[in-house]
**Student:** 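Below is the structure I would like to discuss, written out as C-alpha cells.
Every chain is numbered from 1 and lettered A, B, ... according to where its sequence line falls, protein lines coming before strand lines.
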Protein chains: 2
Amino acid sequence: MRIGEVAEKAGVSVRALRYYEEQELLPAERGPGGQRHYPDTAVARVELIQRLYSAGLPSRVVREVLPCVDSGEPDPALLGLLVDERERVDERIDDLLAVRDRLDLVIALTRDPEADCSRLERAPAPRPRR
Amino acid sequence: MRIGEVAEKAGVSVRALRYYEEQELLPAERGPGGQRHYPDTAVARVELIQRLYSAGLPSRVVREVLPCVDSGEPDPALLGLLVDERERVDERIDDLLAVRDRLDLVIALTRDPEADCSRLERAPAPRPRR
DNA sequence: CTTGCACCTGACGTTGACGTCAGGTTCTAG
DNA sequence: CTAGAACCTGACGTCAACGTCAGGTGCAAG
C-alpha cells in the first residue's frame, strides 16, 4: 500500500505517517522512485500507536514498548516498564470514569433538576496524584 | 490559603495555579500586598481541572463547562456540549481498556510464555476514529 | 507527451500547559 | 530589625505531534 491509502484507512494524516517513520514507530519500504510502501499490517499498527498516545503514554515509552506490544513477543527486559505503564493506564481509567460520572450527574440535573442527585457523591474521593 | 499550600495539596505547581487564574479557570482573591488567597474549595477544583485535562477535554471546553460541572448547577445551554464530551470520554475509556488488555496480555506472556494467549484476541475490533 | 494527482524532502509554524529565569516585594520567625 | 522563605509580574523557553508551505519528482490515463 502507498502512504495515502494507509492514511485513509487508519484515519490519520499523511504527515502523521511520515512522522511515525521519522520516530521509528512505523518503518516503510521504499519503491524505486523513493515512495513509501507499507504492508497491510501497517493500518493496525497505526491504530495501536494512536491508542497508546490516547492512553497518555509518552512517545519515549511508545517507542520502547511498541515492537513488543504490537507483535506480542515477550521481552523480559521490558517487564518493569510494562507493569508501570499498566498501572498508569489504570489510574487514567479511574480518572476518566470519575469525569464521566461527573458529566452524567450534571447532564441528569440539566434534564431534570429534580432528579435524584444523591446517588452520585459530590466528589469521588480523589487518589494521590503523581 | 495561599498559593503554595494549594499547590502542594492539589499536587500541582504554583505556576500551574497562576496559569489557571490567567485562563479564568480558578479565580483568586487578593490580599492587600497583592498575594493570592484561595478558599478551601480551590483544591478540589484544581483536582477537577486536572481530571478534565487528563480526560482529554480541550481547554476551551474545560473553560466552558467547568463552572457548571464544578458547582453542579445545571445550564441548559450547555447540554449539547456536555453530551458530546461525555461521548468522547466514553470512547477514550474504551481505548484505554483496550490498551490495558493489550498490556496485560504482553505482561502475561512475558511472565509465562506458555500462558493461555487465546483468551484475549489479537485486535480488539477498533471503532472508527474521529 | 502532457496533464494532473499523489508523492517526495526540507523547513518553519502552531498549540497547550506549563517550566524557568530575572528582578523586585511581602510575610514570618527569631 | 533582619534574614530568608514565599510571593509577585513579566517574558521567554520547551516539548510533542503534528500542520503547512515551497519547490521538485513519480506515475497512470488519455
**Student:** Under the rule for side chain to side chain contact (heavy atoms under 4.5 Å, CB included), what residues qualify as partners of A:Glu21, not counting sequence neighbours?
**Tutor:**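 Here the qualifying residues are A:Ala28, A:Arg30, A:Arg36.
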
**Student:** Please give, in whole Å, the distance from C:dA17 C1' to B:Leu66 CG?
**Tutor:**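 After rounding, the gap between these two atoms is 16 Å.
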
**Student:** Could you state the CZ-C1' distance from B:Arg36 to D:dT9, rounded to the nearest angstrom?
**Tutor:**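 Atom CZ in B:Arg36 sits about 9 Å away from atom C1' in D:dT9.
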
**Student:** Report yes if some heavy atom in the side chain of B:Glu73 is under 4.5 Å from a heavy atom in the side chain of B:Pro67; otherwise report no.
**Tutor:**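 Answer no - side chains too far apart.
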
**Student:** Drop me the distance from A:Leu57's CG to A:Glu85's CD, to the nearest 0.5 angstrom.
**Tutor:**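 With rounding to 0.5 Å, CG (A:Leu57) is 5.0 Å from CD (A:Glu85).
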
**Student:** Provide, to the nearest angstrom, the distance between the CG atom belonging to A:Leu57 and the P atom belonging to D:dA16.
**Tutor:**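 Those two atoms, CG and P, are 15 Å apart.
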
**Student:** Scan nucleotides 22-30 of chain C nucleotide by nucleotide, 5' to 3', and note B when protein non-hydrogen atoms come under 4.0 Å of the base, S if they reach only the sugar-phosphate, - if neither.
**Tutor:** ----SSS--

**Student:** Does the side chain of B:Leu66 come within less than 4.5 Å of B:Ile49's, by heavy atoms?
**Tutor:**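 Side-chain contact under 4.5 Å: yes.
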
**Student:** Under 3.5 Å between N/O atoms: give me all the protein pairs with nucleotides 19-21 of chain D, atom names plus distance.
**Tutor:**
residue: D:dG19; atom: OP2; partner: A:Ser13; partner atom: OG; Å: 2.5
residue: D:dG19; atom: N7; partner: A:Arg15; partner atom: NE; Å: 3.3
residue: D:dG19; atom: O6; partner: A:Arg15; partner atom: NH2; Å: 3.1
residue: D:dT20; atom: O4; partner: A:Arg15; partner atom: NE; Å: 3.1

**Student:** Taking the side chain as every heavy atom from C-beta outward, state whether B:Glu91 and B:Asp95 have any pair of such atoms under 4.5 Å apart.
**Tutor:**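 Of all side-chain heavy-atom pairs linking B:Asp95 with B:Glu91, none is under 4.5 Å.
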
**Student:** Working to the nearest 0.5 angstrom, can you tell me the gap between B:Gln35 CD and B:Arg2 CZ?
**Tutor:**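 So the gap between those two atoms works out to 5.0 Å.
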
**Student:** Check each residue of residues 19-26 of chain A for a non-hydrogen atom within less than 4.0 Å of any atom in DNA chain D, then write out the ones that pass by number, or none.
**Tutor:**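 Of all residues in residues 19-26 of chain A, the ones placing a heavy atom under 4.0 Å from DNA chain D are A:Tyr19, A:Tyr20.
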
**Student:** Check the pair A:Val69, A:Leu82 against side chain to side chain contact (heavy atoms under 4.5 Å, CB included), reporting the backbone distance first and the verdict last.
**Tutor:** CA-CA 9 Å; A:Val69 173; A:Leu82 291 171; 4.2 Å; yes

**Student:** What is the distance from atom CG of A:Asp94 to atom CZ of B:Arg51, rounded to the nearest 0.5 Å?
**Tutor:**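 Taking CG in A:Asp94 and CZ in B:Arg51, the distance rounds to 10.0 Å.
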
**Student:** Whether B:Arg60 and B:Glu64 form a salt bridge (side-chain N of Lys/Arg under 4.0 Å from carboxylate O of Asp/Glu) is what I want to check.
**Tutor:**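 Looking at B:Glu64 and B:Arg60, the cut-off is met.
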
**Student:** Could I get the full list of side chain to side chain donor-acceptor pair (under 3.5 Å) partners for B:Arg100, not counting sequence neighbours?
**Tutor:**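 Side chain to side chain donor-acceptor pair (under 3.5 Å) check on B:Arg100 returns A:Asp90.
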
**Student:** I need the OH-C1' distance between A:Tyr38 and C:dC8, as an integer number of Å.
**Tutor:**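 Between C1' of C:dC8 and OH of A:Tyr38: 12 Å.
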
**Student:** Within the structure shown, what part of the strands sits under 4.0 Å from A:Arg60 by heavy-atom distance: base, sugar-phosphate, or nothing?
**Tutor:**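 Nothing, no heavy atom under 4.0 Å.
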
**Student:** Expressed in angstrom and rounded to an integer, what is the separation of B:Ile49 atom CD1 from C:dG16 atom P?
**Tutor:**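 Rounded to the whole Å, the gap is 16 Å.
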
**Student:** Quick check for you: to the nearest 0.5 Å, what is the distance between B:Asp40 atom CG and B:Glu5 atom CD?
**Tutor:**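 So the CG of B:Asp40 and the CD of B:Glu5 are separated by 8.5 Å.
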
**Student:** Going by heavy atoms in the side chains, are A:Ser59 and A:Arg63 under 4.5 Å from each other?
**Tutor:**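 Yes - at least one pair of side-chain heavy atoms lies under 4.5 Å apart.
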
**Student:** Please round to the nearest 0.5 Å and tell me the distance separating atom CZ of A:Arg45 and atom CG of A:Leu25.
**Tutor:**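 Interatomic distance, A:Arg45 CZ to A:Leu25 CG, rounded to 0.5 Å: 7.5 Å.
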
**Student:** Over how many whole Å does the gap from A:His37 atom NE2 to C:dC7 atom C1' extend?
**Tutor:**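 Rounded to whole Å, this separation is 11 Å.
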
**Student:** In whole Å, I'd like the distance from the CD atom of B:Glu8 to the C1' atom of D:dA6.
**Tutor:**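 From B:Glu8 CD to D:dA6 C1': 13 Å.
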
**Student:** When rounded to the nearest 0.5 angstrom, what distance separates CG in A:Leu79 from OG1 in B:Thr110?
**Tutor:**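 Reported value, rounded in 0.5 Å steps: 6.0 Å.
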
**Student:** Check DNA chain D for consecutive Watson-Crick or G-U pairs with both distances under 3.5 Å and list the runs of at least three as stems.
**Tutor:**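 Stem segments, range with range: C:1-30 with D:1-30.
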
**Student:** Taking for each residue the nucleotide of DNA chain D with the nearest heavy atom, is it A:Ser59 or B:Arg18 whose nucleotide lies nearer the 5' end?
**Tutor:**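 Final value for this comparison: B:Arg18.
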
**Student:** Output the rounded distance in Å from CD (A:Glu5) to C1' (D:dC27).
**Tutor:**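 So the CD-C1' distance, A:Glu5 to D:dC27, works out to 15 Å.
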
**Student:** On the nucleotide C:dA17, are OP1 or OP2 found under 4.0 Å from the side-chain N or O atoms that B:Tyr53 carries?
**Tutor:**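 So the side-chain polar atoms of B:Tyr53 do come within 4.0 Å of the phosphate oxygens OP1 or OP2 of C:dA17, strictly under.
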
